[in-house]
There are 2 protein chains.
Amino acid sequence: MLHDVFLADCPARTTLDLVSHRWTVVVIHGLGIEPMRFGELQARIGGISAKSLTETLQRLERYGLVVRLDGTWTLTTLGETLLEPVSALARWSEAHTDELLDAWDRHETGTSS
Amino acid sequence: MLHDVFLADCPARTTLDLVSHRWTVVVIHGLGIEPMRFGELQARIGGISAKSLTETLQRLERYGLVVRLDGTWTLTTLGETLLEPVSALARWSEAHTDELLDAWDRHETGTSS
DNA sequence: CAGGATCCTCGAAGATACTG
DNA sequence: CAGTATCTTCGAGGATCCTG
C-alpha cells in the first residue's frame, strides 16, 4: 500500500483535490470525446466561465493530464488513463441520478412519518 | 442519452456536485471497506472534523447512499453501486499520483527553459 | 461518544473589462 | 478568439463550545 487515501497527508489526496474541483471531471470527459479548442470546449460545457475553464485546463496541464497542441487541447497518455474512472463516474451519474433525486424527495416529505 | 453531463442544468450534475465535496469519496470508500461507527470513521480518515463528517454523512444519507443502523453507518444498495466508480478513482489515485507529482515538478523547474 | 450550533477563514468560481 | 487581471460573492470546511 504505497498510497493510502485515508492518510491525511497522503499524496493520493492530490487526485481527490483535483476531482473536487467543479469542472475537472467535465473537462476530462469532454476532451475524452475528442480534442477540442478552447472555444469549442467552452461551448460544449454549459455555464462555465472562460476564467474557470482556463484555470481548470492549466491545472490539468500542470499535472500532465492535458496538453495544448497548436491551439487544441488534448488528453495526454496519463490523462487518458484518468478518463476511465472519470467516465465510470459519469456513467454512474447518468444511470443513478433518478434514484438520488427520488431519495432526496422521500426525505423532503419526511422519511419516518 | 437521458442525462448529459454537458448540459448545465442536467440533473446528472448532482453526482458531480456530490463528488466535488472534499470528503465524499473518502467516506464512501471507507464505508465500502466495512460499516463503521462515527468515531471509527473519523479516526480512520485523517484530518476530518466532526462537523464535516456529520455533514458528509447526512448529505449522503439524504441521497440514499448511506444509512445509520443502530449507530453504525452503512452503505445502501445504491451506495454500493457508487462504490465501484469511486474505488476505480481511488485505485487510479494510488497508482498515478507519482506521475502527477512528477509532472508538477517538471513545470515547477520550468518546462521550456 | 455522536453530534448540533455558531463563528470565521479561505479559496473556488462568476462577472466584467482588458490584451495579444 | 483565447486568454489575463481584478473584484466580488458564496459556501465548504475548520475550530470551538455546547448537548443528549
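Within every chain, numbering begins at 1; the chains are lettered A, B, ... in the order of the sequence lines, protein sequences first and strands thereafter.
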Nearest-Å distance for atom pair CD/P, residues Q42(A) and dT4(D): 13 Å
Heavy-atom closest pair, residues A50(B) and F38(B): O-CZ, 3.7 Å
For the student: nearest non-hydrogen atoms of T72(A) and P35(A), plus distance: CG2-CB, 3.7 Å
Euclidean distance, atom CG of residue D17(B) to atom C1' of dG11(D) [Å, nearest integer]: 12 Å
Spacing of E55(B) atom CD relative to dG11(D) atom C1', expressed in whole Å: 10 Å
So which protein nitrogen or oxygen atoms get under 3.5 Å of nucleotides 4-8 of chain C's nitrogens or oxygens?
from: dG4(C); atom 1: OP1; to: Q58(B); atom 2: NE2; distance (Å): 3.2
from: dG4(C); atom 1: OP2; to: Q58(B); atom 2: NE2; distance (Å): 2.6

Atom pair distance, as rounded to whole Å: CG in D70(B) and P in dC1(C): 17 Å
Nearest heavy-atom neighbours spanning T14(A) and L100(B): CG2-CD1, 4.2 Å
dA13(C) phosphate, OP1 or OP2, under 4.0 Å from S52(A) side-chain N/O: no
Derivation of the salt bridge (Lys or Arg N to Asp or Glu O under 4.0 Å) call for E55(B) and K51(B): CA-CA 6 Å; E55(B) 284 173 349; K51(B) 182 201 168 201; 3.6 Å; yes
Side chain of R68(A) - closest among dG3(C), dA2(D), dG14(C): dA2(D)
Between P of dG14(C) and CZ of R22(A), the distance in whole Å: 6 Å
Five-pair end axes of the helix from dC1(C)-dG20(D) to dG20(C)-dC1(D), angle between them (10°): 50°
Distance-only polar pair, side chains of W92(A) and T15(B), donor-acceptor under 3.5 Å: no
Heavy-atom closest contact (L83(B) atom, I28(B) atom, distance): CD1-O, 3.5 Å
Minimal non-hydrogen separation, L78(B) against G64(B), with atom names: CB-O, 3.8 Å
Pair R22(B)-D17(A), side chain to side chain contact (heavy atoms under 4.5 Å, CB included): steps then yes or no: CA-CA 7 Å; R22(B) 192 171 201 163; D17(A) 289 346; 4.2 Å; yes
Distance in angstrom units between H21(B) NE2 and dG11(D) P, rounded: 11 Å
Where L57(A) and V27(A) come nearest, the two heavy atoms and their spacing: CD2-CG1, 3.9 Å
Nucleotide dA12(C), atom C1' - distance to CH2 of W23(A) in whole Å: 12 Å
Length of the line joining L53(A):CG and dA15(C):C1', which is rounded to integer Å: 16 Å
Phosphate-side-chain proximity, R37(B) and dA2(C), N/O vs OP1/OP2 below 4.0 Å: yes
